[in-house]
Every structure is written in structure tokens, then in C-alpha cells.
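The structure appears right after this line, and notes come after that.
As the structure lists them, so they are numbered: ligands from 1, and atoms in each ligand from 1.
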Amino acid sequence: MPKNEKTYITNANFMLHGGDYNPDQWLDRPDILADDIKLMQLSHTNTFSVGIFAWSALEPEEGVYNFEWLDKIFEDIYRIGGRVILATPSGARPAWMSQKYPEVLRVNAARVKQLHGGRHNHCFTSPVYREKTQTINGLLAERYGGHPALLMWHISNEYGGDCHCDLCQNAFREWVKVKYNHDLKAVNDAWWGPFWSHTYSDWSQIESPSPNGESMVHGLNLDWRRFVTDQTIDFFENEIVPLKKITPDVPITTNFMADTFDLIPFQGLDYSKFAKHVDVVSWDAYPAWHNDWESTADLAMKVGFINDLYRSLKQQPFLTMEMTPSAVNWHQVNKAKRPGMHLLSAMQMVAHGSDSVLYFQWRKSRGSSEKFHGAVVDHDNSPENRVFQEVAKVGVTLEKLADVVGTNRPSDVAILYDWDSNWAINDAQGFGLESKRYPQTLQQHYRTFWEKDIPVDVITKDQDFSKYKLLIVPMLYLMSEDTISQLKTYAAEGGTLVMTYISGLVNEHDLTYLGGWHKDLQEIFGIKPVETDTLYPKDRNAVMFRQKSYELKDYATVIEVNGANVEGVYEDDFYANTPALTSHSYGQGKAYYIGGRLEDDFQRDFYQELIDELVLESASDVKHGRGVSVQARHASEKDYLFLMNFTEQSQPVSLGSAVTDALTGEQLTGDLLLEKYEVRIVEKQK
Ligand code: GLA
Ligand code: ZN
């Protein structure tokens, strides 16, 4: 996409503010529903995700439908100028369905059929469930497809998990047959069959992995996870058939997830594949702000990382489909957001490319497990309380940011993340059980750029590498021949490539490369990693780089150099004074290999050289200390800069060139003091 072209991902040219709204829980309280309409306006919310778990309200008995309540909700919301994100209800089923058609219930990995209840637990293969979802989705599309309040489709909710029923086992076998061209020997070869006598003599013997570790077949585990992604997408595709037909112009999304504490990508599904099937990426962000194990700035860095991954999946703005205005109800400790944190955390999402701030949920439930989950409207039903006021403030702020909608964040730096590799390395028995931390390692490399306000795309292997000046590939354990050749082209054509320890060890079947490292990697990097040493948690080594010593822990690769320059050496152990960091000119480009896991200061100093050499620009000329982050979104005539203080102290920032406060219109120059958790949004003319 050209640098400043706008992409309106939802057809709306305003920032969406609102979230999950569950009027179906309040149908016998018209007084509450009437209050909602008033409170929606007072909270400056404009968009409501409706019907997410409303199947039993929409189809109380099989084939008996009740849409009247939803008609009224659409009308009421539209009357106040609001919009609806309409959900398909497949995230949870009515009891009549589970009772009459038990095949819709999921079977767990121990092959135990689950009872009715909970949610997100249907069989994704069941023909009955597929038919039922298509029917209800078609009726929703017919009834509301032409409604002017309809903004987009929210398909199901947080797809995830797997099903091990007979239907799914059969589907898996068919998937394997197709993948391996109906050649059982090819399957046995790919899965290293003879190991522990796992060779199959008939297709019917193939089964999903069990929780007791009976299989231990890494190739099978990996293919099962790929199948789960494909089958979930297939279920999703089945859901959207009537929507694509009846409402071809209404964008479709489904809400993705992330690990809440480490803010690493959701492990259950390969979102790089899923993203190709949605029109808009959206995700649910629940960082544990104010926790007792890391600084606010450390957490903010991780939030930046995951946003940059989900934005990069489609290289366009994304939506924050859920966040909490205060606390959640499912963390170990459910701490309230401190005053100011809500605005700051909401603006951080926007700064990284979100065109919305949507919550779970809009009105707090009265009963069941989420009755204490933070919401815009609390049980007090009052616009006066602190959380409501903070939400309204976010709303007022977003109203001033309509020009930001659709703008992107171009970047010269990319970090590569890969779901296949993540699954495979987690399966790998070897290295350190607790210390692999693959996605966390990506965050470690991301940190330097975040601290320096240099925009980063976190990309996946299916994307175009060539537009980046710098491509960082930490711990890419699994690399197919295709990925290797992509990297080769990237470096040969002038890219700067950085790779680390535990990279390129296995192919796409999780089979190791023979002959040491893959020959192309040896050629690109001018080295051959010959041993990976894993350190105990308390062990330390160090690397000497440019006359400075940097602490090493967890991993050290012993490297044989074949043409590369040695940039740093280990200080200790049997590989003392041997290469730890190398560089190698390859084609028009350059390739660096970092052999050990090093402290943050190393990344800061090492990447600073590349930042200077490759002229990697910061988002702005604003200067500040640690814990402040400046992120930019670029409109055609101006940049929107988000100046964010993720510390508990006030922080001076020096503005560089003159800017205008985007909210007040005030001209600003010189120095500015950001209070604790303060965010300022300023415009800078180009
Ligand atoms: C998830 C779900 C919501 C709700 C929230 C609570 O993101 O999608 O339905 O349960 O968590 O935080
Ligand atoms: Zn199933």
C-alpha cells in the first residue's frame, strides 16, 4: 500500500467506540433497555456488537424464531446514530440443540464427550451444527442485511480449541490423505514412523494426538494443529456462505485472541492463515495493567508487539474488538485500571493501528460468571461513576480522531513470527523446558525499536520481505525450503538479515536438516552452527562485542566460521574466545547471526549500529526518556503522534518541531511534561 493511502476497513469514517452489548440478557427489563439508549449517548459510544451469545433468544425452540427484540435494538441504536456489529451466534448453543443432536458437542483429547454448557465448545465438523449455523446466519442476513445500522459481521466468538470426535477423526484422515497425495508411506516418512514403531499400515490407524502422550510423534502433532486451523477456517467459511451471498458489501471479521499475560500470539490457531479469510482483523486485548511482576512500560512494549503483529497480518488498520474499561474477572487478581490508564491503554491501541476501542462489555451482566467483569455501565446504572466517566472521555477523544481512521503505519523493520515454528519448538524435547520462550524472544528484539519509537511490522512467512530494510528472524526453529529460499532472495537482493540461535534446525515436517545446517543458510551467513549449549537458569556467560561485555543466559551456539566476520566472542566455558556474533556480506545484502541469548543492552547497542547504517527513522523527532512511547499514524498532510507516558512519574518530552494538540488545537513547541499515564495526541504538518 502506498504510504498514505487510507483503508476504511469497516466502511465507517469514524472511530468505533462501544462493544459487546447483550440486550438479550435484559429482555424482561424494558426500563433497562431504555436506559441503555440514554447511557449510550452519555458514554459517547457509537457501535455495539450484538447477538454474540443470543442463539437461545433468537431460536428458543428448533425452527421457532424470535427476531422482534433484535429489530427494536437495531431501530433504537440507529435512532441515536449508532451502528451495529451483528454477530453470528455459533459461539454458544441453545440446550435444545445439544439435547437433540449430541454430535454438536465437542469430544476432548481424552475422547470424552463434553456436556452441554459453557461456550466455544462445539464440534467444528458436525454437519448438523454447520447446517444450523448456516440457517440462522442466513435468516439474520436476510432480516438485517439491508439495515442502515449494520456495520459489519462478527462471526462467532473467539474460535479456538479442537474436537476429537469420530467425525473430526475422519475429517483429519481425509485432510492427511489430501496433504500426502494418498500415499501412506509419505505420511510415515514425514512423521518419522519407525520411531517407537509408529509406522501405520492403514489409514484408519491415524488418530489425533491424545493427552497422555501416547503419540509423541512430532510430525503428527504439527499436522494436527494445522488441520485444526484449516478445519476451524472451514467451519468459519461455512458460516459465512449466506452472508457473502446476501450482504457481499458488509465486511466480515472474527475476534482473535492473545495470551493475556505475556501478550504473545494465541497458540491455538495459525492466524496468518485465518487472516486471509476475514476482511478485517480484530482482536481482544486484556493486558494485566498494574500487575506486580513487571513495569507498566514493559507491559506496554508487549502490547505494542502484539498489535504490530495483528496489524501486519493484513497490512492495514485493525479493530480492537474487546478490551475492558476497568478490570476483568478472570485474571488471578482483577485489578482496576488506575485513573488515566483507560485512556492511555485505549490510545495505545489506536496508535498502533486500531480503528476502534470496543469493550467487553457495554452493560455489566447481573448473573453468571461475568457479573463482575468491568463494563461501561455498572450495576449502579449510573453515568456518574469513575469508569463510565473515563469511557466517556475516551469517546470524546475518539470523536476528535476521525481523520486517523484508515491511516497506516509504514515501517522499514520487520520481525518474523511463525505459528508452525512456534508449535514445533514447543514440542521439541531438548533445549530448556522453561527457557525456549520463542515469542518472548521476538519481544526482546522488538523492545529496542519500541524504545526508540521506530515502527516495526511483525510479519509472517507468507508476506513480502523485500520492502523492509531490516528483517529480524529470532529463533525460527522450523524453516521450510521455501522460507529459506525467501530469506536467501531477501539477502541477495540487498536486505539486512539478522538471525539467532536455534534457527533453521528442522523442515516443515519437524525433521532435522542433515549435514549440519541447511547449505543455503550456511551460504547466506558464512557460518555453520555446530552445537547449541543450553544453560541452567542460574548459569551465565558473556559476549564481548565492541570492547563491551554483555551478559548471556539460556543459550549459546558454538559456531564454525566459513567466510563470515567475527563481531563478538564468548567469554567463558569451553567455547571461550570463539565466535558468538558474526556478519557476512551476501549478494547485495548482509546477514548477521547472533549465537546467544543476550541482555537487552546488547540488542540496544547492536541494533543502534544498524539503525544508523540503514537510516531507520523514528516515528517523530520527539525526544524522551525510557517508559515514554511515541507512535505515529500517517495521514496525507500530517502525522498524528501519540505521546504516551507508561510510567508512574511525570516525564519531560522535548517536541522537536512545532505541533498542534489534536484535541484542543493548542500550538505546542519546546518541552512538554507528560503526567503519570498521560497521553497527548498531536498533529504534525508534513
Ligand atoms: C472474551 C470473550 C468475551 C468475554 C471476555 C471477558 O474475550 O470474547 O465474551 O468473556 O473474554 O474478558
Ligand atoms: Zn468433532
Side-chain angles (χ1 to χ4, degrees), residues 19-22 24-25 48-55 85 87-93 98 101-114 118-130 133 154-175 207-208 224 227-228 230-232 234-235 238 253-261 263 266 268 282-289 306 319-332 334-335 337 358-365 367-376:
D20 284 26
Y21 175 49
N22 301 305
D24 41 308
Q25 294 177 14
F48 306 92
S49 312
V50 180
I52 297 178
F53 297 111
W55 205 333
I85 297 178
T88 67
S90 67
R93 305 163 297 285
S98 306
Y101 307 101
E103 73 165 54
V104 303
L105 298 170
R106 201 169 269 190
V107 170
N108 71 13
R111 302 348 186 209
V112 178
K113 196 180 237 339
Q114 305 298 282
R119 60 170 180 177
H120 304 163
N121 53 7
H122 59 83
C123 168
F124 44 45
T125 305
S126 157
V128 171
Y129 205 55
R130 287 177 173 225
T133 48
H154 180 301
I155 309 303
S156 201
N157 195 63
E158 296 192 334
Y159 284 112
D162 52 8
C163 177
H164 300 254
C165 76
D166 290 343
L167 294 164
C168 289
Q169 300 292 353
N170 279 331
F172 178 50
R173 269 174 222 127
E174 290 310 310
W175 183 95
E207 283 215 25
S208 62
W224 171 254
F227 162 77
V228 169
D230 286 355
Q231 195 70 348
T232 303
D234 196 61
F235 182 89
N238 179 78
T253 191
T254 185
N255 44 346
F256 289 171
M257 296 176 271
D259 167 279
T260 194
F261 297 111
L263 275 303
F266 176 62
S282 65
W283 79 283
D284 300 344
Y286 291 105
W289 294 110
I306 192 77
L319 296 178
T320 304
M321 188 55 85
E322 295 178 23
M323 64 189 289
T324 175
S326 56
V328 298
N329 68 325
W330 48 273
H331 288 173
Q332 206 67 23
N334 298 292
K335 194 159 180 160
K337 280 180 172 171
L358 299 167
Y359 309 113
F360 181 87
Q361 62 179 335
W362 192 82
R363 175 183 285 280
K364 214 175 241 190
S365 316
S368 278
S369 68
E370 292 181 326
K371 60 180 171 294
F372 297 119
H373 192 289
V376 177

If you measure from each non-hydrogen atom of [X] to ligand 1, which part falls under 4.0 Å: side chain, backbone, both or neither?
X	value
I52	neither
Q361	neither
E370	side chain

Got a donor-acceptor contact below 3.5 angstrom from the [X] side chain to the [Y] backbone?
X	Y	value
R106	K113	no
N329	S369	yes
T88	S156	yes
D162	V228	no

**Item:** Among E322, M257, H331, M321, closest by any non-hydrogen atom to atom 8 (O) of ligand 1
**Value:**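 Comparing heavy atoms across E322, M257, H331, M321, the nearest one to atom 8 (O) of ligand 1 lies in E322.
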
**Request:** Confirm or rule out an N/O/S atom of C168, from backbone or side chain, lying less than 2.8 Å from the Zn ion (ligand 2).
**Result:**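 Within the cut-off used here (under 2.8 Å), C168 does place an N, O or S atom near the Zn ion (ligand 2).
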
**Request:** Just jot down the ligand 1 atoms closer than 4.0 angstrom to any heavy atom of E158, in number order.
**Result:**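 Answer, ordered by atom number: 1 (C), 2 (C), 7 (O), 8 (O).
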
**Prompt:** Of all the atoms in ligand 1, which lie at a distance below 4.0 Å from a heavy atom belonging to N157?
**Reply:**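 Near N157, meaning under 4.0 Å from one of its heavy atoms, ligand 1 has 2 (C), 8 (O), 9 (O).
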
**Asked** Centres of the W330 and Y286 rings: under 6.0 Å?
**Response**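 Judged by ring-centre distance (under 6.0 Å), W330 and Y286 do meet the cut-off.
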
**Request:** Assert yes or no for the condition that the ring centre distance of H164 to F172 is strictly below 6.0 Å.
**Result:**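 When the ring centroids of H164 and F172 are compared, they turn out to be at least 6.0 Å apart.
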
**Request:** Check whether any heavy atom of R119 sits under 4.0 Å from an atom of ligand 1.
**Result:**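 Judged by the 4.0 Å heavy-atom criterion, R119 does count as contacting ligand 1.
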
**Request:** Report yes if H373 has an N/O atom closer than 3.5 Å to an N/O atom of ligand 1; otherwise report no.
**Result:**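 N/O-N/O distance under 3.5 Å: yes.
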
**Asked** Using the ring of each side chain (for Trp, its six-membered ring), is Y129 parallel, tilted or perpendicular to W55, with breaks at 30° and 60°?
**Response**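 Taking W55 first and then Y129, their aromatic rings sit tilted (interplane angle of 30° to 60°).
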
